[in-house]
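These numbers come from a predicted model, not from an experiment. Throughout, a chain's letter reflects where its sequence line sits, starting with A, and its residues are numbered from 1.
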Amino acid sequence: LKIINAGGAKADGHRHQDSDDEKPLAARLGINSAASKTGDASDSSSVESEPKDEPEHDGRKKWSTLVHNGVVFPPPYKPHGVKMLYNGQPVDLTPEQEEVATMFAVMKDTEYASKETFINNFFTDWRKILGKTHVITKFELCDFTPIYEWHLSEKEKKKQMTSEEKKASREEKSQQDEKFMWAFVDGVKEKVGNFRVEPPGLFRGRGEHPKMGRLKRRIRPSDITINIGEEAPVPVCPIPGESWKEVKHDNTVTWLACWNDPINEKDIKYVFLAASSSLKGQSDKEKYEKARKLKDYIRSIRANYTKDFRSKDQRKKQIAVATYLIDKLALRAGDEKDEDEADTVGCCTLKVENVTCLPPNKLQFDFLGKDSIRYYNTVEVELAVYEAIKEFCAGKKKGGHVFDKLDTTKLNAHLKDLMPGLTAKVFRTYDASITLDTILNKETTDGTVDEKAKVYQRANKEVAIICNHQRAVPKSHDSQMNKLNEKIDELTVELEKANKLLSKKAKKRKLVGSDGDAKRRRKLTPEMLQKKLSQVETRIVETDNHKNNKEDLKTVALGTSKINYLDPRITVAWCKTHEVPIDRDKHFTVLNKLF
DNA sequence: TGTCAGACTTGGAATAATATTA
DNA sequence: TAATATTATTCCAAGTCTGACA
C-alpha cells in the first residue's frame, strides 16, 4: 500500500507523480472490491462483460450492459377499522379516507402535528378524498386519538415479538428483496441503492416548507420509467393488470428507474446503484481527485480574486468577493429557489439582511442554508472585502441580493476558466481534505489506537463544523448527561471512601469497622486499596471525558462529512503510517464504501 | 443569455441492528 | 435478560451542476 498525498496538503507546490492515477482506487490499493465479485452466473450469463479499466469515459457512456429486476412497491393499504372521533362521535371512513387519516394520526408526537401549514395542507388534501358532502368539515372537531393509540399498540406488539419471530420476519423480507437488491452492470454484480418505491405519506418538508403536510400520493407502475440494457429482459410489472410508463435503454445515465415526485411534478425521483458500486465509487474518486488538484491552483486563484476586490467592473468584483467567501467559509453556491420551497440561501443568493458589517472589518453571517439549517458566524475579512460587501448592500431593500450581478452559472463558468472542472462545491471538499490532513498530521501521537482514533474523530468534528453540519440535540441527551453526572458522583464517593480507608490503615495498620463491610475492609491490604483507588480515578476521568465529548458533539452531525467529505486516501495513508487497523475498526467502516 | 428539465451528490432524521450496561 | 447506548442503514428531502433549447 502506498501512501497517497499524506502530509502534502499544506504544500502548495505539490506535484502529481502517481503513474497509476487513472486506475480505480481499489486496484491502486491492491484491495479486491466487494462489488467486483461476480454474481451467480445464471443471472449474468446472458450478458457479456467488458474488460474493466477500459477508458470508456470518452463520451458520456456509463455502461454497455445493464440488467436488473425493477423496483419493489409498498404493499397495498390494509384498513384497521379503528374509528376516529368527529365532534365526539365515531365516524365511518372508507379505506382510502382512513389511510390518510392514519398518516396524520401517527405523526401526533412530531413537530409537524402542531404546525399550521402542515395541518392546513393535510386537511385540504384529506377533504378532497372525503368529498364535499362528508360530515367532517372542521379540523378542530377531529380527534385522531383512537387511531394514534391503535398505532402505539401495534408498535408495542412489534416490540414484544420474540427474537426468533423478529429474525424470521427479517429473513422473509430479505428473501423477498434479494431479487431486487442487485443489478448487473457490464456483467458485474452491483448493489442497488433505493429499489423500494416511496410509499404514500404526508410530505415532510424541512424548515418552513410551504408544501409540508400535502398528501404524497401512491406511485403506480404507470408512473415509473425503467432504464435497462437493450438485450436485458424487461422486469415484470409486479402489479397484475398494470404496466410500466416507459422502458428506456439510455446508457448515458446511471439510474435504473425513475418517476415524477408527486409533490413537485417537475422533480424526478431516481433509483440508483448503492454507494458501494463501482460507478459511484468512480465518481467519488474523481471528486476527491478534483479537490486535490485544486491544491495546485489555489494560490493563483487567490491571487486572481484578490486582484479583483477593487475592480471597476461590478460583476468581476462580485465574482471575486463571492469566490473569497466560498473559499474562506466553505459556503455552498446558492442556486435560486422557487416560491413554493423553503426560503433558504447560499452564497450567490445571500440577501442584504443575512450579512451585517461590523467595523472595522468583520462580517456577521446569519441565514438559513440547506435543509433550513442556520449558518451563524462572525468572521474577520480582508478590508477590501469588507468595503465591497458594504458597497454591494448599500441602498438595497430587505430581500435584495447582495450579489445582484451573479448567479451560480456565472460563478461556475468563471471558476472553470481558472481550473478545468472547478465548481463552487469543490472548495468544500478541498477545505475538508486540508483540515483532515492537517489535524491528523499535527495531533497524532505515539499513543494507543484508541487515542489515535480520538484524533481522527476530532478531525471529523472540525470538518463537520466547517461544513456547518448540524443536528438537533438528541432527545435522550439530557437524561444521558444526568446519568453520567450521577455516575461520576457515585465514583467520587467511592474514591473518597477508599481514600479515607487508606489513610486510616496507614495510621492504625488495623481497622476495626462497625458496619457490615468491616470484614471485607479488614481483608484489604494497602496495596489492594491503592490499586482500587487508581482504578476508580481512571474511571472518573474516562466518564468525564465521555460526558464532555457528548456535550461537545450534541449539535454536530458527523455522518455527512464522514461519508461525503473525508478523502479515504488520506485516511488510509494515516492508518498505514500510524499503524491503525483499517479493517474491522468500527471508526473507519466508511471505507467499506470504496474497498 | 436566460430558463428549465434532468441527473446526480449531499443532508439530517428515523429506524434497525448491535453492543454494552444494569 | 432486559434496558439502554451506540452504530449502521434506510429514507427521502434538498441541494449542485450540466446541457438543451428558445
Would [X] and [Y] count as having a side-chain donor-acceptor pair, cut-off 3.5 Å?
X: A:Y305; Y: A:D327; answer: yes
X: A:T344; Y: A:K337; answer: yes
X: A:Q480; Y: A:S476; answer: yes
X: A:S561; Y: A:N460; answer: yes
X: A:Q318; Y: A:Q314; answer: no

Rounded to whole Å, how long is the line connecting atom [atom1] of [X] with atom [atom2] of [N]?
X: A:R170; N: B:dT15; atom1: CZ; atom2: C1'; value: 13 Å
X: A:I268; N: B:dG6; atom1: CD1; atom2: P; value: 4 Å
X: A:Q480; N: B:dT20; atom1: CD; atom2: P; value: 16 Å
X: A:M212; N: C:dA13; atom1: CE; atom2: C1'; value: 12 Å
X: A:L202; N: C:dC11; atom1: CG; atom2: P; value: 18 Å
X: A:K269; N: B:dC8; atom1: NZ; atom2: P; value: 16 Å
X: A:H469; N: B:dT9; atom1: NE2; atom2: C1'; value: 11 Å
X: A:L256; N: B:dA7; atom1: CG; atom2: P; value: 13 Å

Answer with base, sugar-phosphate or nothing: what part of the nucleic acid does [X] contact at a heavy-atom distance below 4.0 Å?
X: A:K216; result: sugar-phosphate
X: A:R206; result: base
X: A:T254; result: sugar-phosphate
X: A:P474; result: nothing
X: A:K155; result: nothing
X: A:K410; result: sugar-phosphate

Handout entry: Upstream residue (5' side of DNA chain C) when A:F203 and A:K483 are each assigned their closest nucleotide
Key = A:K483
Exercise for the section: Tell me which of A:I263 and A:K550 sits closer to the 5' end of DNA chain C, going by the nucleotide each one is nearest to. Expected result: A:K550
Side-chain N or O of [X] versus OP1/OP2 of [N]: is the shortest distance under 4.0 Å?
X: A:R204; N: C:dA13; answer: no
X: A:H546; N: C:dT6; answer: yes
X: A:K62; N: B:dC8; answer: yes
X: A:T560; N: B:dT10; answer: no
X: A:K287; N: B:dT10; answer: yes
X: A:Y565; N: B:dT9; answer: no
X: A:K475; N: B:dA13; answer: no

Practice task
For residues A:Y376 and A:F365, establish whether the separation of their ring centroids is below 6.0 Å.
Solution key: no
Exercise for the section: Kindly point out which of C:dC12, B:dG12, B:dC8 is positioned nearest to the side chain of A:A557? Expected result: B:dG12
Handout entry: Contact nearer the 5' end of DNA chain B, comparing A:K266 with A:R428
Key = A:K266
Exercise for the section: May I ask you to decide if A:I268's main-chain N or O and A:N260's side chain share a donor-acceptor pair within less than 3.5 Å? Expected result: no
Practice task
For A:R220, enumerate each residue passing the salt bridge (Lys or Arg N to Asp or Glu O under 4.0 Å) test, keeping only those at least two apart in sequence or located in another chain.
Solution key: A:E242
Exercise for the section: Can you label the angle between the A:H469 ring and the A:Y565 ring as parallel, tilted or perpendicular, going by 30° and 60°? Expected result: tilted
Fill in the blank from the handout: Its contact letters, B for base, S for sugar-phosphate only and - for none at protein heavy atoms under 4.0 Å, make nucleotides 15-22 of chain C read SBBS----
